[in-house]
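Take a look at the structure below.
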Amino acid sequence: MFRYLTAGESHGPALVGILDGLPAHLRLDVERINQTLARRQGGYGRGGRMKIERDEVEFLAGVRGSETLGSPVAVLVRNRDYENVRGLMDPITGAGKPLTNPRPGHADYAGALKYRQRDLRNVLERASARETAMRVCLGAICAQFLEALGITTRSYVHRIGDVVSPELEAFSQDDVEASDVRNPDQATEAKMIAAIDAAKAAGDTLGGVFVVRVDGVPVGIGSNRQPAQRLDGVLAGALMGMQTVKAVEVGLGADVAARPGSQAHDNFALEDGGVVRASNRAGGIEGGMSNGQPIVLRVSVKPIPTLMKALPSVNLHEQTDAPATIVRSDVCVVPAAGIVGEAMVRLALVAPVLEKYGGDSIEETLDNLRRANEAAGALFTPAKEGV
Ligand code: EPS
C-alpha cells in the first residue's frame with residue numbers, strides 16, 4: 001500500500017515528509033525536484049516570504065546513491081524564516097503574544113475551538129499554504145516514478161479573478177513556465193497581472209482557476225468496484241485537500257449538466273484498426289477508470305482570506321468587534337496553486353497505478369505494465385486460424 005504524510009509548521013524549523021511504498025531502484029534526479037520546488041515559489045502576486053525562502057530537498061532515508069531502496073523515503077525542506085522567529089516558534093521554548101482576531105474564510109476560528117487553542121497562531125501555522133512546499137517535494141519524487149511509466153502531468157492558469165483565458169487544448173509547457181502568471185497567452189497574461197496589481201492596491205486578494213492535464217495514463221487506472229476507488233473521486237479528493245480549493249471539475253465538469261446526452265459524450269470510431277475518440281468531454285475518466293485519453297481537471301481556488309484591508313471580525317479574547325488579524329501574505333496564489341495541483345494529482349495517482357501493476361522494484365512494475373499492455377492489445381484482435 002502506497003501512502004504519504006507531511007508534517008511541519010509554516011514558521012517552524014522545517015517541513016518533513018514520508019513516502020511509503022515506492023518501488024526500489026527508482027533513479028532520482030534531485031536537481032529536478034529542486035526545480036519543481038522553485039516553480040512553486042514563483043508566480044506574480046506572492047508576498048515577501050518568498051524572498052526569504054529558497055526551498056531545497058534534503059533526503060533523510062529510503063534513498064542511496066540516488067536510487068530508492070524500497071524502504072520509506074523521508075525528506076526535509078527547511079523554513080529559512082524560522083531563524084527570524086525562533087523566539088516565537090522554537091518547539092521547546094517558543095512563546096509570544098497570542099493572535100486573537102480570526103480571519104473570515106481561514107482555519108483560524110474552527111481550529112481554535114476544535115483544538116482548544118486560545119492563540120490562533122497554533123492553528124494558522126499548520127493551516128498555512130507553506131505546507132504545500134512539502135507536497136510539491138513529495139509529488140516531484142512521484143513524478144519521476146510516473147514518468148518511468150510514461151505518465152506526465154502539467155498545468156496552466158485558466159482564470160485569475162474575472163480575467164478568463166481562452167481554452168488551451170494543446171499548450172507548450174515552456175511557454176507556461178515563462179509566464180509570471182503561468183498563462184502562455186500574452187494578452188491574457190497582461191490582464192491577469194493588471195488584475196493582481198489592482199487587487200493589491202485595494203488591499204484585496206484574488207482567486208481563480210487552474211487546469212491540470214495528465215498524459216499517458218494507461219486504460220483502467222482506478223475502479224468502478226467501490227465508491228472510494230473511482231479515479232475521479234480520488235483525484236478530486238486530493239485536489240480538494242489543498243488549502244483554498246473550492247471546486248474540481250473533470251472534463252466538461254459542471255457544464256455537462258446542461259447538455260443533452262448527444263452532446264455530452266465521446267463517441268467511438270475505428271481508425272487504422274484501432275478504437276479512437278473524436279473528443280475528450282469526459283476528461284479521460286469513464287466509470288471511475290482512466291479511459292486512455294488525457295485526464296483534464298479544472299480546479300477553482302478561492303481568494304486567500306488574509307486581506308491587507310482586513311475583513312470585519314471579532315477579538316475573541318476581549319469579545320469585541322475588531323478587524324481580522326493582518327499578517328504578511330500573498331495577493332494571489334493561483335499560479336503557485338497550479339504547481340501544488342500537479343503534485344496532488346501525482347501523489348493521488350501512485351496508489352491506483354501500483355494497485356494495478358504492483359511491483360517491489362521499478363523493473364517489476366514496468367514488466368507488469370508491458371504484459372498488461374500486450375494483453376489489452378490482443379484482447380479484441382481476431383484469433384488466427386489454428387491458434
Ligand atoms: C501563508 C502566508 C505567507 C505565505 C505562505 C502562506 O507566509 P508568511 O505568513 O510567512 O508571510 O508566504 O506561503 C509560504 C510560506 C509558501 O512557501 O508558500 C499562509 O498564511 O497561508
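One-based numbering, in listed order, for ligands and for the atoms of each.
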Would you give me the side-chain donor-acceptor pairs under 3.5 Å for residues 201-228, sequence neighbours excluded?
| residue | atom | partner | partner atom | Å |
| --- | --- | --- | --- | --- |
| Thr205 | OG1 | Ile304 | O | 2.8 |
| Arg213 | NE | Asp215 | OD1 | 3.4 |
| Arg213 | NE | Asp215 | OD2 | 3.0 |
| Arg213 | NH1 | Glu169 | O | 3.3 |
| Arg213 | NH2 | Asp215 | OD1 | 2.9 |
| Ser223 | OG | Arg225 | N | 2.9 |

Identify every side-chain donor-acceptor pair in residues 339-353 under 3.5 Å, counting partners at least two apart or on other chains, and give the distances.
| residue | atom | partner | partner atom | Å |
| --- | --- | --- | --- | --- |
| Glu342 | OE1 | Arg39 | NH2 | 3.3 |
| Glu342 | OE2 | Arg39 | NH2 | 3.2 |
| Glu342 | OE2 | Ser155 | N | 3.1 |
| Glu342 | OE2 | Ser155 | OG | 2.7 |
| Arg346 | NH2 | Thr153 | O | 2.9 |

Quiz item: side-chain hydrogen bond (donor to acceptor under 3.5 Å, both in side chains) with Gln243: which of Glu131, His106, Lys302?
Solution: Glu131
Quiz prompt | Results of side-chain hydrogen bond (donor to acceptor under 3.5 Å, both in side chains) for Glu271 - residues two or more places apart only | solution = none
Tabulate distances under 3.5 Å between N/O atoms of ligand 1 and N/O atoms of the protein, writing both atom names on each line.
| residue | atom | partner | partner atom | Å |
| --- | --- | --- | --- | --- |
| ligand 1 | 9 (O) | Arg328 | O | 3.3 |
| ligand 1 | 10 (O) | His11 | NE2 | 2.6 |
| ligand 1 | 10 (O) | Arg49 | NH1 | 2.8 |
| ligand 1 | 10 (O) | Arg328 | NH2 | 2.7 |
| ligand 1 | 11 (O) | Arg328 | O | 3.2 |
| ligand 1 | 11 (O) | Arg328 | NE | 2.5 |
| ligand 1 | 11 (O) | Arg328 | NH2 | 3.3 |
| ligand 1 | 17 (O) | Arg40 | NH2 | 2.6 |
| ligand 1 | 17 (O) | Arg130 | NH1 | 2.8 |
| ligand 1 | 18 (O) | Arg40 | NH1 | 2.7 |
| ligand 1 | 18 (O) | Arg40 | NH2 | 3.2 |
| ligand 1 | 18 (O) | Arg46 | NH2 | 2.7 |
| ligand 1 | 21 (O) | Ser128 | OG | 3.3 |
| ligand 1 | 21 (O) | Ala129 | N | 2.9 |

Practice problem: Give me the one residue out of Arg80, Arg135, Arg130, Arg78 that meets salt bridge (charged side-chain N to carboxylate O under 4.0 Å, His left out) with Asp55. | Solution: Arg130
Quiz item: Would you call Glu58 and Val77 a side-chain contact if the rule is heavy atoms closer than 4.5 Å?
Solution: no
